[in-house]
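Chain identifiers are assigned alphabetically (A, B, ...) following the order of the sequence lines, protein sequences preceding nucleic acid strands; residue numbering begins at 1 within each chain. All values below come from the heavy atoms of this structure, side chains included, with hydrogens, waters and symmetry mates left out.
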Amino acid sequence: MEYNFKAIEEKWRKFWADNQTYKVTNDPSKPKFYVLDMFPYPSGAGLHVGHPLGYIASDVYSRYKKLQGFNVLHPMGYDSFGLPAEQYAIQTGQHPEKTTKENIARYREQLDKIGFSFDWSREVRTSSPEYYKWTQWIFNQLFDSWYNNNTDKAEAIADLVAIFEKEGNANVNAVTDQETIFSAEEWKAFDDHQKEDVLQNYRLTYLADSWVNWCPALGTVLANDEVINGLSERGGHPVEQKLMRQWSMRIKAYAERLLTGLDGLEWTESIKDIQRNWIGKSKGASVKFALKDAAEQIEVFTTRPDTIFGVNFLVLAPEHPLVDDITTPEYKDAVAEYKRLASLKSERDRQSDVKNITGQITGAKAIHPFTGAEIDIWIADYVLASYGTGAVMAVPCGDQRDWDFANHFGLEIINIFQDKDVSEAAYTEKDAIIANSDFLSGLEAKAAIEKAIEAIEAKGIGKGKTNYRLRDAVFSRQRYWGEPFPVYFVNGIPKTIATEHLPIVLPEVEKYLPTEDGQPPLGNAAVWAWDTVNNKVVSNDLIDEKTVFPLELNTMPGWAGSSWYFLRYTDPTNAEAFASKEAVDYWKNVDLYLGGAEHATGHLLYARFWTKFLFDRGFVPFEEPFQKMINQGMILGRSSFVYRNADGKYVSKGKLQGGEQPIHVDISMVENDKLDIEAFKAWRSEYANAAFILEDDGTYICGHEVEKMSKSKYNVQTPDELVEKFGADTLRCYEMFLGPIEQAKPWDTKGINGVSNFLRKLWRLFNMDENGNAQLSTEAPSKESLKTLHKTIKKINDDIERYSFNTCVSTFMICVNELSDQKCNNKEILEQLTILISPYAPHIAEELWVKLGNEAGTVTFAKLPAFNEEYLIEDAIAYPVSFNGKMRFKIELAATLTPKEVEEAVLNAPESEKYLEGKAPKKVIVVPGKIVNIVL
RNA sequence: GCGGAUGUGGUGAAAUUGGUAGACACGCUAGACUUAGGAUCUAGUACCGUGAGGUGUGCGGGUUCGAGUCCCUCCAUCCGCACCA
């Protein structure tokens, strides 16, 4: 009987669904293993072959873990809040929820065809109120927390208030924007507004007027990582800077822990580096410079306090708040003009215009704290308002940008380095001896930095300081399709809504656009006020500012829901908590996480931040959400082209003369670069009468190029077509066979026949009669076949543990080829092989499993065949590798040989006579699987 | 510029700790069988050479009995960051 993948796959798909084969329960008697894929945003385009790549790998791995006896959590869900559904709603008026549901249904249909072992009873959707109830709850926890630097963790804001009431804030060591000190008496005298203003400076989520990336075209604020080269990540619209009142997350509080936590993670160095770079830690000192004619001081941050004697001017960012105050009358106009020009420049221009040095002197003078010299204060746009203090002390001899600036404006370059030439460029290495620097002279940088900081602190003009590039994350979006904030305003004071009244469900609106007076879309909602007596959302008409108050109009950004979804899978329907303590304690964090590397500074950073926060507050027992991560490479499309020449004829690739125009053609009409000419003619009316210049054999060969998959390039390969044509098991094996999982690669179906043949060959091993009954031998398996099997078991075990999914497929092919050559139809061997192969090809495995006389649907939970090296021992052939005082032999697959056995193998090795010179070895040193040293 | 990664046949790629480079598969060539198919089977297929043999893992060096693997210089490609004081 032929291998009928269609019937087999349909049968098992139904069986698994009907029997809930993959439902997982929290079973404390088994060790847990948590395998997670980054959940997808359900876009309207559906899945293409790139999406399942990671899902297949994670599915293969989870199935192996199941075979190894682990209780495996392998869930799937949808990150279902997002822009495209909202944009579609704006255009069509269709509710984003409807679009989202339709898209999810389509995704599910596609996913179901591939035979994943997801436990769909645990599905989560970030846009469902049952889910975002707990997103809102986490927001409330952040609102009610502050970061205590003394204990180095987040603590309850109530504890902070208690401290204020007892002793004010003088002794509080917190991550805060609070600058003024108050006593307990002063705190008690504050009114509600003043108190909240203070608390806002401590809360881990807070309202602030902040410079934000405002995208007029999208009508929203974007996070830094959603802006690429001054354009929005989505849509590529221009982004400008705007001052807005926004919710922010005090992620800065976690900068150091986010940095050190990376060390324990099994992530690629490149992702870790990207996060390290993003956090951007630099050690140095802050130094205050007094002004000659004003009381204010200018604070700068420097990583090189040792070069302070090289300072001969200061530079402020044009946006620095003191600029206008300190500028002398004669420079007022020039400074105003420079500021105007700087503000006109977009962030992008400022970045691309690195070479062009500009600046303006302000006329103000600062006093050098150690030499007492008067130094000029400039403004220049190479100094960024958003980093450090927005001001730098310029050391032209030690910093290339300062050198360039000084050189351009003809300023003095003081050399404070012994025997270093700074006439052509700054000397930026830290290995020079400091000179001309009073008490620092003669020291090396490291010692000088310490001594300089001591002196600065002794003088009371600054202190040693660590600076982070990481900025607090803006958390508001002026959009409809996102989580509403559980916040209402009493006379402008934000109040959160208690857990028992959550979720605050998105209100209905007529239009999904911002309101006419520029409010976010929720400003269109008629029923969007909070009744504090009845604790429910009521009509805006009832707002009286006594018991009924307006609700927050912003919604949360896309990363809110995805920052904690991995926790929800452990207990997805819990209405009393984000997940029960038992569930979280049992499943803990994700053991293996699969997804794209593009989330390095977004999702992966925020999820770590929230997890650390929940850890601090005692809600989860771990600090890092994703222990091991694999970043699957992007699958690129392989576009096909036809070429039209000046005469309007379509020229085959081998007949090109040059100058022909390439035109994308749908890849479904092209097979191995050969164009289906009839299909092409039928594709569009304009091609119906197309004339061709063909190859000599009468075929049309298309050109090709590797590009991102996109509808407009006609190069999208959906998994559905391939499942239809070759079956899900073939698709699964082929996607794994394609190459290393982490590598980006163009999609190409050229090799899929080979994988398809392999599964057919596997089927044929079972020697089925016309009724589909396997004709198998129950005699003792041959030595040969046992060897083949155990070689395979060993290789698969090793390869799976190092996530080498592609080599496993090759190993299976070799195994099947060998068994086929051996004409092996031994039941025992084939049963073990079936188990081994089931993670890759679950449908055919279940079918064969039943044919072997086992219960339906149980291969998933079978016991992984144990490797027995005994079957390989006869393979332990030693051969001499070299001779150098000691003789070395390579012993193949000799993992557990005793020295005696090795000795025997060595004596029997080809050519051993030549090396041993008739002597038996004195001593044999065995390192399993390695070269063996023989002492003669 | 800085940081990270990669570089192996016509193609996708193997080679886990330094130990027979190119497994496995695609493609191609020749053949067998045939109910003509995108089936199955056999042989061949890194390069040069008729051959013996020689050369080969981006280039050039080094360490080693032995290097695709380790070290140094350079080149190319990809990704990330980019006035970060």
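Taking only side-chain nitrogens and oxygens, A:N277 never comes nearer than 4.0 Å to OP1 or OP2 of B:rC84. For A:R802, a side-chain nitrogen or oxygen approaches OP1 or OP2 of B:rA15 to under 4.0 Å. For B:rC84, the OP1/OP2 oxygens have a side-chain nitrogen or oxygen of A:R401 closer than 4.0 Å. Phosphate contact (OP1/OP2 of B:rC24, side-chain N/O of A:N806, threshold under 4.0 Å): absent. Residue A:Q743 places no side-chain N or O under 4.0 Å from the OP1 or OP2 atom of B:rG12.
As the counterpart of B:rC81, B:rG1 is assigned, both hydrogen-bonding distances of the Watson-Crick or G-U wobble pattern falling under 3.5 Å. Pairing of B:rC59, defined by two Watson-Crick or G-U wobble distances under 3.5 Å, is not identified with any nucleotide. Applying the Watson-Crick and G-U wobble criteria (two distances, each under 3.5 Å), B:rA67 pairs with nothing in any strand. The partner of B:rU6 is B:rA76, by the rule that a Watson-Crick or G-U pair needs both atom distances under 3.5 Å. Base-pair partner of B:rA15: not found among the strands shown (Watson-Crick or G-U wobble, both distances under 3.5 Å). The partner of B:rG44 is B:rC28, by the rule that a Watson-Crick or G-U pair needs both atom distances under 3.5 Å.
In terms of position along RNA chain B, the nucleotide closest to A:V755 lies nearer the 5' end than the nucleotide closest to the other residue of the pair A:V755 and A:M393. Nearer the 5' end of RNA chain B, as judged by each residue's closest nucleotide, is the contact made by A:T807, out of A:G280 and A:T807.
Listed candidates were B:rA85, B:rA13, B:rG4. Nearest to the side chain of A:T302 is B:rA85. For A:V392, the side-chain atoms get nearest to B:rA85 when compared with the rest of B:rA13, B:rA85, B:rA23. Of all nucleotides listed (B:rA85, B:rU16, B:rG4), B:rA85 comes nearest to the side chain of A:V383. Of the candidate nucleotides B:rC24, B:rC83, B:rC26, B:rC26 has the atom nearest to the side chain of A:K750. Closest to the side chain of A:R469, from the set B:rC81, B:rA85, B:rU16, is B:rC81. Nearest nucleotide to the side chain of A:P740, out of B:rG27, B:rA85, B:rA13: B:rA13. Comparing B:rU16, B:rC83, B:rG27 against the side chain of A:D799 picks out B:rU16 as the nearest. The side chain of A:T303 lies closest to B:rA85 when the candidates are B:rG38, B:rG4, B:rA85. For A:K761, taking side-chain heavy atoms from C-beta onward, the closest of the listed nucleotides B:rC41, B:rA82, B:rG3 is B:rC41. With B:rC24, B:rA14, B:rC84 as the choices, the nucleotide that has an atom nearest any side-chain atom of A:Y387 turns out to be B:rC84.
A:Q822 and A:T788 share a donor-acceptor pair across their side chains, judged by distance under 3.5 Å alone. Side chains of A:N797 and A:E801: no donor on one and acceptor on the other come within 3.5 Å.
Nucleotides B:rU55 and B:rU11 are separated by 23 Å at their C1' atoms, to the nearest Å. B:rU6 and B:rA13 are spaced 14 Å apart, taking the C1' atom of each and rounding to whole Å. For B:rC24 and B:rC41, the P atoms lie 15 Å apart once the distance is rounded to whole Å. Between the C1' atoms of B:rU42 and B:rC59, the separation comes to 43 Å (whole Å). Comparing B:rG62 with B:rG68, their P atoms sit 15 Å apart, to the nearest whole Å. Comparing the same atom, C1', in B:rU69 and in B:rA14 gives a spacing of 14 Å after rounding to whole Å. On the P atoms, B:rU40 is 33 Å away from B:rG51, given to the nearest whole Å. Rounded to whole Å, the P atom of B:rA76 lies 35 Å from the corresponding atom of B:rC65.
Atom-to-atom, CG of A:L738 to C1' of B:rU11 comes out at 12 Å; the value is rounded to the nearest Å. One interatomic measurement links the two molecules: CG of A:D821 to P of B:rA43, which rounds to 9 Å at whole-angstrom precision. Atom-to-atom, NZ of A:K795 to P of B:rC24 comes out at 12 Å; the value is rounded to the nearest Å. Note: NZ (A:K465) to C1' (B:rC84) measures 13 Å, nearest angstrom. Atom CD of A:E269 is separated from atom C1' of B:rU6 by 16 Å (rounded to the nearest Å). In this structure, A:F301 atom CZ and B:rC83 atom C1' are separated by 16 Å, rounded to whole Å. The interatomic distance linking A:I796 (CD1) with B:rU16 (C1') rounds to 14 Å, in whole Å. What separates OH of A:Y3 from P of B:rU40 is a distance of 14 Å, to the nearest Å.
Using a 4.0 Å heavy-atom cutoff across all strands shown, A:D404 reaches no nucleic acid atom at all. Contacts of A:D402 with the nucleic acid, taken as non-hydrogen atoms under 4.0 Å apart, are absent. Counting any heavy atom pair closer than 4.0 Å across all strands shown, A:Q400 reaches no nucleic acid atom. Residue contacts for A:N757: at a heavy-atom cut-off of 4.0 Å it reaches the sugar-phosphate backbone alone, with no base atom in range. Residue-level contact check: A:S810 touches the bases, meaning some heavy atom is under 4.0 Å from a base atom. Residue A:F812 is out of contact with every strand shown, counting any heavy-atom pair closer than 4.0 Å. Counting non-hydrogen atoms under 4.0 angstrom, A:P746 reaches nothing in the nucleic acid. The residue A:F405 sits apart from the nucleic acid: no heavy atom pair falls under 4.0 Å. A:R764 comes within contact range of the sugar-phosphate backbone alone, with a heavy-atom separation under 4.0 Å but no base atom that close.
Two residues are said to be in side-chain contact when any heavy atoms from C-beta on lie closer than 4.5 Å; A:M629 and A:L265 fail this criterion. Side-chain contact between A:D376 and A:L411 is absent, with no heavy-atom pair separated by less than 4.5 Å. Looking at A:V311 and A:T307, their side chains never come closer than 4.5 Å, going by heavy atoms from C-beta outward.
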*Please test A:V809 against A:Y734 for side-chain contact (heavy atoms from CB on, under 4.5 Å), starting from the C-alpha separation and ending with a verdict.*
CA-CA 8 Å; A:V809 181; A:Y734 183 59; over 6 Å; no
*asked:* Could you walk me through whether A:L605 and A:W278 satisfy the side-chain contact (heavy atoms from CB on, under 4.5 Å) test, starting with their C-alpha distance in whole Å, then the side-chain angles of each, then the deciding distance to 0.1 Å, before giving a yes or no?
replied: CA-CA 10 Å; A:L605 200 61; A:W278 192 258; 3.5 Å; yes
*Any chance you could lay out the side-chain contact (heavy atoms from CB on, under 4.5 Å) test for A:M736 and A:L53, step after step, and finish with the verdict?*
CA-CA 7 Å; A:M736 293 299 94; A:L53 181 73; 4.0 Å; yes
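Ring centroid separation for the pair A:W403 and A:Y427 does not come in under the 6.0 Å cut-off. Here A:F405 and A:F313 bring their ring centres to under 6.0 angstrom of each other.
Nucleotide B:rG9 carries a syn base; the chi torsion (O4'-C1'-N9-C4 or O4'-C1'-N1-C2) is within 90° of 0.
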